[in-house]
Structures are given as structure tokens and as C-alpha cells.
Amino acid sequence: MGMSMKKFAAVVRRAIDSLPDEIKEHLENVVIDVEEEPSVEFLRDAGFTDEEIEAGDSLYGYFMPMEGVQASEMLENPNRILIFRNPLEDDFPDSHELQIEIRKTVVHEIAHHFGWSDRDLERFDDNPDPFG
């Protein structure tokens, strides 16, 4: 049995709260939500093939940038980050490892907010706390 959604959301919140102030001050137009798991349609829209989906491939998190929004509308139309509980829990059944991976996922998705690509972030793949 995994952690409740409430506890999972609390771990995500702690990961955000533990970020350096220099990062947090640039998150005012970012909404970070937690969901159980991405739908099949969501995975397809994210570029997964039917074969990958059938094989059980999924996402831990996803950055959704606002599109076509003018600066005056940024607070009403923020960037959105989704963190998915079930895929993380499925791949990391150990509580300590799960908390590390939740933090890594939060950091990874926030980095996309700052314009970093997945390729840019590869150097942090084995570092659960790239901010020290």
C-alpha cells in the first residue's frame, strides 16, 4: 500500500519548500499539482507510442507551459507542473527512495520552467539534490 495522496502532496510541498529562495522567487506563476497518474490520452499527447504505453511506460512529472499568454495574463494563466503519484510509487516502493525520486522529479520539472531541456538535465540524473 502506497502513501495517501495527502501525504504524497506533503512530500511534494516539502521538496518545493526546500528549494533555494533564488529559485522559489521565480515560481509565482507556476502551479504544481499532484495527480494519480497520466491518462492514456495524456501519454499519447506527451509523445508516447501505443507500444510504450502497453509496456507500462509512464511519466513521473510533466511541465505544461502556458501558451499564447501575454505578460498581463500570466498570473491568471500560469505554467503548470504535474507530479504523478502512481508511477513513482510503482517504480520506487522503498519509502526513502520514493521521497528522493519525488524531489528529483519536482526539481526536474521546475528546471523545465527555467528553460532547461531533458538533455540539459541528464547531468543531474544521479543527484537527488542538485542544489546542495
Side-chain angles (χ1 to χ4, degrees):
M1 174 88 179
M3 67 175 71
S4 69
M5 184 59 92
K6 184 176 180 178
K7 181 171 181 180
F8 185 88
V11 173
V12 170
R13 170 54 47 206
R14 278 196 308 274
I16 297 162
D17 290 345
S18 71
L19 294 171
D21 289 340
E22 300 82 39
I23 300 293
K24 289 190 291 190
E25 69 186 28
H26 296 285
L27 298 179
E28 64 274 351
N29 69 327
V30 178
V31 172
I32 301 174
D33 289 324
V34 295
E35 293 187 4
E36 293 290 335
E37 59 192 2
S39 68
V40 170
E41 295 80 21
F42 190 98
L43 291 172
R44 283 188 187 121
D45 289 345
F48 284 72
T49 65
D50 287 336
E51 293 78 20
E52 290 170 324
I53 295 168
E54 288 173 22
D57 290 352
S58 192
L59 292 167
Y60 298 152
Y62 195 79
F63 172 70
M64 301 172 70
M66 60 185 145
E67 295 180 14
V69 175
Q70 296 183 13
S72 62
E73 301 171 323
M74 286 179 71
L75 291 178
E76 292 83 29
N77 299 288
N79 287 330
R80 185 172 184 217
I81 291 173
L82 299 172
I83 307 297
F84 297 108
R85 183 181 82 158
N86 291 348
L88 280 158
E89 285 189 339
D90 289 347
D91 288 350
F92 303 96
D94 176 79
S95 177
H96 180 71
E97 286 182 18
L98 175 60
Q99 291 187 41
I100 290 170
E101 291 303 320
I102 291 169
R103 179 174 169 71
K104 285 173 62 174
T105 301
V106 168
V107 168
H108 180 102
E109 300 308 330
I110 288 173
H112 286 313
H113 169 68
F114 288 100
W116 290 41
S117 70
D118 283 334
R119 187 167 185 169
D120 294 330
L121 294 167
E122 286 175 359
R123 64 183 157 175
F124 298 116
D125 282 349
D126 295 324
N127 186 353
D129 191 6
F131 299 115

(message) Can you give me the closest heavy-atom contact between D57 and L43, atom names plus distance?
(response) O-CD1, 3.9 Å

(message) Please determine whether a side-chain nitrogen of the Lys or Arg among K24 and D21 lies less than 4.0 Å from a carboxylate oxygen of the Asp or Glu.
(response) yes

(message) Hydrophobic clusters here meaning ILVMFWY residues chained together by side-chain heavy-atom distances under 4.5 Å, can you tell me if F48 and L82 are in one?
(response) yes

(message) Taking side-chain contact (heavy atoms from CB on, under 4.5 Å) as the criterion, tell me which of E37, E36, M3 meets it with E89.
(response) M3

(request) Answer with yes or no whether the hydrophobic clustering places M64 together with I32; edges join I, L, V, M, F, W, Y residues whose side-chain heavy atoms lie under 4.5 Å apart. (result) no

(message) Counting C-beta onward and ignoring hydrogens, is there a side-chain heavy-atom pair between I102 and F92 closer than 4.5 Å?
(response) no

(message) Quick check: closest heavy atoms across H113 and N29, and the distance to 0.1 Å?
(response) CE1-OD1, 3.5 Å

(message) Can you tell me which residue among R80, R85, R13 is in a salt bridge (Lys or Arg N to Asp or Glu O under 4.0 Å) with D33?
(response) R80

(request) Report yes if some heavy atom in the side chain of V11 is under 4.5 Å from a heavy atom in the side chain of L98; otherwise report no. (result) no

(message) Consider side-chain contact (heavy atoms from CB on, under 4.5 Å). Of Y60, Y62, F8, which one does F84 pass it with?
(response) Y62

(message) Give me the atom names and distance for the closest heavy-atom approach of S18 to A15.
(response) OG-O, 2.9 Å

(request) Any chance you could lay out the side chain to side chain contact (heavy atoms under 4.5 Å, CB included) test for R103 and L19, step after step, and finish with the verdict? (result) CA-CA 10 Å; R103 179 174 169 71; L19 294 171; 4.2 Å; yes

(request) Find the distance between CD (E101) and CD1 (I83) and round it off to the nearest 0.5 Å. (result) 12.0 Å

(request) Flag the pair V30 / F63 as yes when at least one side-chain heavy-atom distance between them is below 4.5 Å, and no otherwise. (result) no

(message) Using the rule that Ile, Leu, Val, Met, Phe, Trp and Tyr join whenever any side-chain heavy atoms are under 4.5 Å apart, tell me whether I23 and V31 fall into a single cluster.
(response) no

(message) Once rounded to the nearest 0.5 Å, what's the spacing between atom CZ of R44 and atom CG of D50?
(response) 4.5 Å

(request) Could you tell me which non-hydrogen atom of N79 sits nearest to which non-hydrogen atom of P65, and how far apart they are? (result) OD1-CA, 3.2 Å

(message) Using 0.5 Å steps for rounding, measure from the CG atom of L88 to the CG atom of L59.
(response) 10.0 Å

(request) Answer yes if F42 and V34 sit in the same cluster of Ile, Leu, Val, Met, Phe, Trp and Tyr residues linked by side chain heavy atoms under 4.5 Å apart, and no otherwise. (result) no

(message) For a quick test of reading the model, state the closest non-hydrogen atom pair linking H112 to H108 and the distance between them.
(response) NE2-NE2, 3.1 Å

